[in-house]
Undergrad: 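The structure's right below; bear with me while I get my questions together.
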Amino acid sequence: MSTTVWERIAERGGISPQRARTYGFIYLAVGLLIFLLFALSTSPGQRTTFAFTPGGQSNAIPIPDVSIPSGFLLYFLALVTLFIGSWQLARGFRRINVVLGIVAAVFVIAFLTWAARDSSLNVTGLLSSSILRAVPIALAALSGVLCERAAVINIAIEGMMLSGAFTAALTASIAANVWEWESTFAAQTFGLICAILFGGLLGLLLAVLAVRFKVDQIIAGTAINILATGVTSYLASRILAQFSHLNSAGTYPRFPIPVLSRIPIIGPALFEHNLLVYILLPLLAGVHILLFHTRWGLRTRAVGEHPKAADTLGVNVFKIRYVNVTLGGMVAGLAGAFLILGSVGRFDELMTAGKGFIGLAAMIFGKWMPFGGLGAAMIFGFADALQTKLAILSVPIPSQFLLMAPYLVTMIVLAGVVGEAVPPAADGQPYEKD
Amino acid sequence: MPPVLELRGITKAFPGVLANDHIDLTLEEGTVHALLGENGAGKSTLMNILYGLYTPDEGEIYIRDQRVEIDGPNKAISLGIGMVHQHFMLIPVFTVAENVMLGVESLRNGIFLDPSAAASRIGEISQMYGLRVNPNTYVKELPVGIQQRVEIIKLLYREADILILDEPTAVLTPQEVEEFFKIIRSLVDRGKSLIFITHKLNEVMEIADDITVLRGGRVAGVTKPSQTTQKELASMMVGREVVLQVDKQPAEPGDVVLQVENLEAVDDRGNAALRGVSFEVREGEVLGIAGVQGNGQTELVQALTGLRNILAGSVHIAGADLTNASPRKILQQGVAHVPEDRQQDGLVLSFPVSDNMVLNTYYKPPFARYGSLNQKQILAAADERAREYDVRTPSLSIPVSNLSGGNQQKVIVAREFSRPISLLIASQPTRGLDVGSIEYIHRRIIEKRDEGTAVLLVSSELEEVMSLSDRIAVMFEGEIVDILWADEVTREQVGLLMAGVKGD
Ligand SMILES: Nc1ncnc2c1ncn2[C@@H]1O[C@H](COP(=O)(O)OP(=O)(O)OP(=O)(O)O)[C@@H](O)[C@H]1O
Ligand SMILES: [Mg+2]
């Protein structure tokens, strides 16, 4: 059987010939878009300035801003993309996902170059705020991973985060302003712990409903969401609004990491955050190791895939699910506490604004892996940070479309890179012992 | 020496059925005890009780004369009882080593999983009992025969010495059964005691030391191979005379119904599974596909029924081009399909028996009108079908997963046969059925043929292919090596072709 050129191309990337071809055409289309939408609408004299020093005080070694003629850069980026597209069609790339990522990145850079023509874009600031926005989403995704790996769908992450945020704000404020603790740090940490515990309590509630009483998991989760929204909003307007000293938890101080934070660009973006941001990576790594290299993890995954098989080997399906959903609740509580202690400092009604649900999406895009969730969360965080930046730059397209663009890119990239995501086989199904 | 295991008066009722009614069973050390019985006789239930998955309503269990209470699998495992379930309990996305060590994980530093320690113990067990398997492959990539070995290794890894094997040979090819018997003998040689459930009487005669026959939840008889015959066992199981031979008139083939030309397809791993398969099936004839499992039969049936992408070639059914058509379109063309994997492709396990009975026509009147289901009609039809095909179930509204394995199969057959069809594609149609039901299904297949239906029969039981088919197509490595008239060939000739030896 003779192989066609398409089959040979696909062999290199390990994908089907149709898909290899589609990728080529998508790259060409992206190149053309950069050319038609962005390059053609810049005038010769316009320049884009990229700034690399964040606002406020910073440890980083300063480096100068870079100013590039916008048109020149855009033509260049369009050419690069067209070249990648032609290469894909003619020869094919081996590392298909890397190339897809590069094309997406080029498109985003082109877009920013165009949007910030005649003005300046603070790259470091953008990255830094992306990280801050990604952390709660990554935590929410982690909460989802913990639950769904044991086949319990936790749609209540949103509500658990909201409750966690409320608890953190209230308890930290009480410790600081009512009990008048000396150390703000101690008060905030007290709030953090309370939030985690309360999240765990809600997780336990979900477990009792879903595992013990086999209530439909979506309904049980939705009930918790509604409850959390109602109670926190009521208490916020009744108590926090009147006694502002009960809603002044503040944020953990920034803690620049010695040496690392001095690296230009990366330093301020990654290593000048508060403690809670730094917790994320060890936490993700810890869960990853637990999940894939310990007895608990093996049993958790078994329960998520085929609870009956696990049961016949003497694994206690119910116990595993109880423990995991409770842990998931604790992580969701932590995500909520982060909104207060790591970011805003005070509680506002409905302040989670869908981050719990976005976290669930990140979990799916991340293929139910802790670090996969982080990757997806970074893209969502970046999109979120971008839209606030773009509001400042004056861009001649309706703001609604601007808000859409980053998400569109996100969806295309994720659909392409991630491919088919396979959930744990028993996800969402209650286990019945006969 | 006391018996290694004794069950006394075990009784278990499910809503509507008395699945076990005062059952006694004695297993002697180092022997194979065959447990026979019709579909739904209560064999799996009894074994699930012994393994601690069900609690008996009454009765006592003794191990070496010690009374024991088995309240869960953990207890059973600690008493040295292991069970291979009728439907495998393996986690497809885990490796062999992970599947085997689940529940008794070997750890490094008391924390981290140590798959290599498990793998080396699996290696030792493989060596000792002739159970060859690579501990690092994923279970989903293994053929059923090897998955079976993994299940047995799971028991030996836990040092079980009472092994329960629930219909282990139902999914095996004759070659694999030979292998499997060698394994059983080596287990017995090392002092293990086995309870072996099967519907194949020749296997019982070959391997068993003692035989217990169940019927309707009661013990119908206890005997030994030396004191009985297959015919006697069959009637003891079913309670009447069973004709073990199919009698049929010569076929009167009519027009071509199924025309397959140069079909090519790949398997799940992307390897060529069908390499230019061509054949035709006519009205009123049975074309049997013989072949060692894994030579493309599965993929062929999937390609014909719209469950697998066809890369080249064509499929015409009753003149219509149905290459890569949707399953719905194909079944509307009058095609019935009895799939190889009943739980995967044949049933929606969590749906009630009644809904499963009409899965292929639920959207049409009288079962649905203006987009809503008419449960009354569905129940009425399901009731009629259950009666006609002798599906044993306490109620039509329990989930089909609660039925015994053989009765699940009968639900599929009842559904597929209960509408006018022009082509019947039956893959392993009698897998897991008792002799009485096999006799019945065979008769129905021949009846369908005589009504003018074209029948494509795929079976790894050479016996079944030989006795039902009018013509036999032998598959080997994705090709049809020859098509023969069934009354002009011998078992040996077909066997040689199946092994890839081309005669002339
Ligand atoms: N979980 C359950 N709930 C209700 N009824 C059940 C359940 N499990 C089995 N039964 C019923 O108990 C009876 C015995 O079933 P069992 O599975 O023990 O039969 P079996 O002898 O193993 O049959 P087969 O040869 O078909 O596997 C059947 O009538 C079945 O419908
Ligand atoms: Mg059974």
Side-chain angles (χ1 to χ4, degrees), chain A residues 1-4 6-7 10-11 14-19 149-151 214 216 286 288-320 367-369 421-434, chain B residues 12 14 45 48-49 51-55 72-78 82-85 87-95 97-115 118 139-140 151 154-155 157-158 264 270 272 275-276 309 311-312 349-350 399 401-402:
Chain A
M1 211 167 57
S2 71
T3 49
T4 68
W6 293 111
E7 278 161 337
E11 263 164 34
I15 55 173
S16 73
Q18 292 94 319
R19 216 168 148 199
R149 279 286 178 174
K214 303 186 173 55
D216 183 285
H288 182 94
I289 290 172
L290 282 173
L291 211 43
F292 294 98
H293 299 283
T294 68
R295 175 194 314 213
W296 168 79
L298 188 75
R299 292 182 177 189
T300 295
R301 288 179 291 135
V303 164
E305 291 289 336
H306 195 335
K308 180 120 203 191
D311 191 12
T312 60
L313 294 177
V315 173
N316 189 334
V317 177
F318 297 129
K319 188 174 125 196
I320 294 265
K367 292 190 169 178
W368 287 266
M369 303 286 270
V422 189
D427 207 3
Q429 299 164 13
Y431 181 62
E432 307 260 7
K433 251 178 138 73
D434 309 272
Chain B
K12 173 80 183 173
F14 290 115
T45 304
N48 283 330
I49 288 172
Y51 193 62
L53 287 170
Y54 296 159
T55 352
N74 264 331
K75 186 67 185 285
I77 292 167
S78 73
M83 176 161 176
V84 175
H85 299 262
H87 302 109
F88 288 169
M89 294 293 171
L90 294 170
I91 294 159
V93 297
F94 278 17
T95 64
E98 287 173 329
N99 265 291
V100 171
M101 73 173 168
L102 179 64
V104 285
E105 298 83 357
S106 17
L107 300 178
R108 246 181 304 128
N109 306 328
I111 301 174
F112 298 109
L113 292 177
D114 192 353
V139 161
K140 64 177 171 200
E151 285 282 23
K154 265 162 73 176
L155 315 191
Y157 194 87
R158 288 162 177 71
E264 286 180 25
R275 312 164 189 258
N309 200 16
L311 297 179
L349 286 174
S350 56
S401 59
N402 281 359

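Letters go in sequence order (proteins before strands), and every chain restarts at 1.
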Undergrad: Are the side chains of B:R158 and A:L313 in contact, using a 4.5 Å heavy-atom criterion?
TA: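 The answer is yes, as the side chains (C-beta and beyond) meet within the 4.5 Å cut-off.
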Undergrad: Would you mind checking which part of A:L290 comes under 4.5 Å of any heavy atom in chain B, side chain (CB onward), backbone (N, CA, C, O), both or neither?
TA: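 Contact with chain B: none, neither part.
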Undergrad: Among A:A302, A:G297, A:A310, which has the most heavy-atom pairs under 4.5 Å with chain B?
TA: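 Result: the option with the highest number of such pairs is A:A302.
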Undergrad: Please find the pair of heavy atoms, one from A:F292 and one from B:L113, that lie closest to each other, and give the distance.
TA: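 What the structure gives for the nearest pair is O-CD1, 4.1 Å.
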Undergrad: Is the shortest side-chain heavy-atom distance between A:L298 and B:M101 below 4.5 Å?
TA: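 In short, these two side chains touch, coming nearer than 4.5 Å.
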Undergrad: Holding to ring-ring contact (aromatic ring centres under 6.0 Å, His included), I want the full list of residues that pass it with B:H87, two or more places apart in sequence or in another chain.
TA: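 By the ring-ring contact (aromatic ring centres under 6.0 Å, His included) rule, B:H87 matches no residue at all.
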Undergrad: Heavy-atom cut-off 4.5 Å, strictly under: side chain, backbone, both or neither for B:F94 against chain A?
TA: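 For B:F94, the contact with chain A is made by the side chain alone.
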Undergrad: Tell me, for B:L102 versus chain A, whether the close heavy atoms (under 4.5 Å) come from the side chain, the backbone, both or neither.
TA: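 Contact with chain A involves both backbone and side-chain atoms of B:L102.
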Undergrad: Where on B:I111 is there a heavy atom nearer than 4.5 Å to chain A: the side chain, the backbone, both, or neither?
TA: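 Contact with chain A is through both the backbone and side chain of B:I111.
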Undergrad: Could you check whether any side-chain N or O of A:R299 sits under 3.5 Å from a backbone N or O of B:G103, counting only pairs where one atom can act as donor and the other as acceptor?
TA: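 Yes; at least one donor-acceptor contact below 3.5 Å.
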Undergrad: Got a sec, which residues hit ring-ring contact (aromatic ring centres under 6.0 Å, His included) with A:H293, two or more places apart in sequence or on another chain?
TA: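 A:H293 satisfies ring-ring contact (aromatic ring centres under 6.0 Å, His included) with no other residue.
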Undergrad: Do you know the tightest heavy-atom contact between A:T312 and B:P73?
TA: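 So the minimum-distance heavy-atom pair works out to O-CB, 3.5 Å.
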Undergrad: To check you understand the geometry: which heavy-atom pair defines the closest contact between A:H306 and B:L90, and what is its length?
TA: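 Result for this residue pair: CD2-O, 3.2 Å.
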Undergrad: When heavy-atom pairs shorter than 4.5 Å are enumerated against chain A, which of B:H85, B:M83, B:K75 gives the highest number?
TA: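 Option with the top pair count is B:H85.
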Undergrad: If every non-hydrogen atom of B:N74 is compared with every non-hydrogen atom of A:G314, which pair is closest and at what distance?
TA: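 Answer, listing the atom of B:N74 first, then A:G314: ND2-O, 3.0 Å.
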